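Side-chain atoms are counted along with the backbone in the values below, which use heavy atoms only and exclude waters and symmetry mates. Since this is a predicted model, take the numbers as computed values, not measurements.
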Amino acid sequence: MTDGIIPFGERLAGVFETLGQLCVGIDPHDYLLDAWGLPRSASGVREFGLRVVDAAAGRVGILKPQVAFFELYGSAGFSALEDVLAAARAAGLLVIADAKRGDIGTSAAAYGRAWLEPGSPLEADAVTLTAYAGVGSLLPVFELAERAGKGAFVLSATSNPESFALQTARASWGGEDLSLSGLVAGEVSTFNRSATPGPGGVRAAVGNIGLVLGATKNLTDYGIDRDALAAAPATPVLAPGFGFQGATFAEVRPVFGALTPTTVVAISRSVLAAGASGLAASIQSQAAELHDALAGSR
């Protein structure tokens, strides 16, 4: 970690402390653009994203733009995304780019530079990654994140129903028989434990590299050891599946257990459906509902 740069895990913990654990997705589906009275175009997704930034600022601390809905419009869509990312940073929001990138060697390094390098047009605070080429293939991204005070979330046990067969397939690693989800989780946790300590040799309470773990899953079925992942430095979790996909805030602690304090609770369509005029109130309401659910389940 470069001197003077605050690690992502520490920044994430600070957001949790001040503004809670809710993360609002920026997912400009066609039907939402229609409902908001916006065109299905790069200008439409730009306006959609900027309105979400305005509504979220001061009410939550984390945004998660879904890159696919901007990429749909080619270079103009990426330009729109750049404007949304810049606005979110200017508003002091922590931004997780939901890009699901992954590759090997210099290609992986280039993805890391695109999404995490300070000064990049697409700069975010963290990016989602896929590890199908092996967690080790993502080391250039992890290492950049460590140097730049950024983060990443690697897909492990995703919220979609099609994931079960692949993600619960068995693999051998370090003499253990693990699910593929468990293998990814174990390697990410190992990287966090091996990362360079901060000033004075003090290790961070929260790691900088996290996992995507769906809230609609029984994580035990996927071979995820929640207690092991919660050991310092705790592995942060990006948790999709709330709202539209069926999970409720009351299920956060039962699903994530010891990982609950480091879990980013992501919602998108369920709050975006309130429309531009009702978005701020919906975000405020759901943030309060999540706070009460977590406080009541202690």
Side-chain angles (χ1 to χ4, degrees), residues 8 11 15 23-103 106-130 138 140-141 144-145 147-153 155 212 238 240 264 266-269 271-277 279-280 283:
F8 173 76
R11 292 194 289 135
V15 168
C23 168
V24 174
I26 303 178
D27 294 30
H29 294 265
D30 285 349
Y31 79 91
L32 287 173
L33 290 171
D34 295 344
W36 285 37
L38 296 172
R40 297 185 182 187
S41 66
S43 64
V45 296
R46 178 184 183 276
E47 182 63 22
F48 187 100
L50 293 176
R51 291 184 186 182
V52 177
V53 170
D54 287 345
R59 296 180 175 87
V60 294
I62 311 168
L63 288 181
K64 184 177 70 67
Q66 171 48 262
V67 171
F69 292 110
F70 294 85
E71 188 172 333
L72 176 64
Y73 299 105
S75 60
F78 273 109
S79 179
L81 178 59
E82 290 172 14
D83 289 345
V84 172
L85 294 172
R89 290 199 306 273
L93 291 154
L94 203 68
V95 181
I96 302 170
D98 197 355
K100 298 181 178 70
R101 298 301 197 248
D103 211 319
T106 54
S107 298
Y111 280 134
R113 291 173 59 195
W115 295 102
L116 301 180
E117 190 166 76
S120 167
L122 293 168
E123 180 186 356
D125 296 288
V127 64
T128 58
L129 301 170
T130 180
L138 301 174
V141 188
L144 172 59
R147 294 193 303 271
K150 303 291 189 177
F153 291 90
L155 274 64
V212 176
L238 175 60
V264 177
I267 58 171
S268 56
R269 284 172 285 183
V271 70
L272 299 173
S277 61
L279 183 59
I283 290 173

- Query: Given side chains that start at C-beta, do those of Tyr73 and Arg46 come closer than 4.5 Å, heavy atoms only?
  - Reply: no

Here the pair of heavy atoms bringing Ala87 nearest to Leu50 is CB-CD2, 3.6 Å

Step by step, would you call Phe8 with Leu94 a side-chain contact (heavy atoms from CB on, under 4.5 Å)? CA-CA 9 Å; Phe8 173 76; Leu94 203 68; 3.8 Å; yes

Closest non-hydrogen contact found for Thr128 with Ala99 is OG1-N, 3.0 Å

* To do: Evaluate the side-chain contact (heavy atoms from CB on, under 4.5 Å) criterion for residues Ile26 and Phe70: first the C-alpha distance (whole Å), next the side-chain angles of each, then the deciding distance (0.1 Å), finally the verdict.
  => CA-CA 10 Å; Ile26 303 178; Phe70 294 85; 4.1 Å; yes

Output for pair (Asp103 CG, Tyr111 OH), nearest 0.5 Å, gives 5.5 Å

message = Quick test of your reading of the model: are Arg40 and Asp34 salt-bridged, counting only N-O distances below 4.0 Å?
response = yes

Here the gap from Leu72 atom CG to Gln66 atom CD, rounded to the nearest 0.5 Å, amounts to 11.0 Å

Discussion item. Looking at Glu123 and Gly119, would you say the former's side chain and the latter's main chain have a donor-acceptor pair under 3.5 Å?
Written reply: yes

Residue set satisfying side chain to side chain contact (heavy atoms under 4.5 Å, CB included) with Leu122, at least two apart, ordered chain then number -> Phe78, Leu81, Glu82, Leu85, Trp115, Ser120

Smallest heavy-atom separation, Ala91 atom then Val53 atom, equals CB-CG1, 4.2 Å

Checklist entry - Do the non-hydrogen side-chain atoms of Leu272 and Phe48 ever get within less than 4.5 Å of each other? => result yes

task: Before giving the answer on side-chain contact (heavy atoms from CB on, under 4.5 Å), spell out for Lys64 and Leu238 the whole-Å C-alpha distance, their side-chain angles and the decisive distance to 0.1 Å.
output: CA-CA 10 Å; Lys64 184 177 70 67; Leu238 175 60; 3.9 Å; yes

Next item on the list: For the residue pair Leu38 and Arg51, establish whether any side-chain heavy-atom pair is separated by less than 4.5 Å.
Entry: yes

Check: Do any N or O atoms from the side chain of Lys150 and from the backbone of Ala124 form a donor-acceptor pair under 3.5 angstrom?
Finding: yes

To the nearest 0.5 Å, atom SG of Cys23 lies from atom CG of Leu93 at 10.0 Å

Is any NZ, NE, NH1 or NH2 atom of the basic residue among Glu71 and Lys100 found under 4.0 Å from an Asp or Glu carboxylate oxygen of the other? no

Between Leu32 and Arg269, the two heavy atoms sitting closest are CD1-CG, 4.4 Å

In this structure, CG of Asp98 is separated from CG of Asp27 (nearest 0.5 Å) by 7.5 Å

Closest non-hydrogen contact found for Ala88 with Leu63 is CB-CD1, 4.2 Å

Tightest non-hydrogen contact, residues Leu116 and Ala145, listed as CD1-CB, 4.1 Å

Are there over 12 heavy-atom neighbours, none belonging to Arg89, within less than 6.0 Å of that residue's CZ?
yes

*asked:* With a 3.5 Å distance limit and no angle check, can you tell me whether Thr130 reaches the backbone of Arg101 through a side-chain donor-acceptor pair?
replied: no

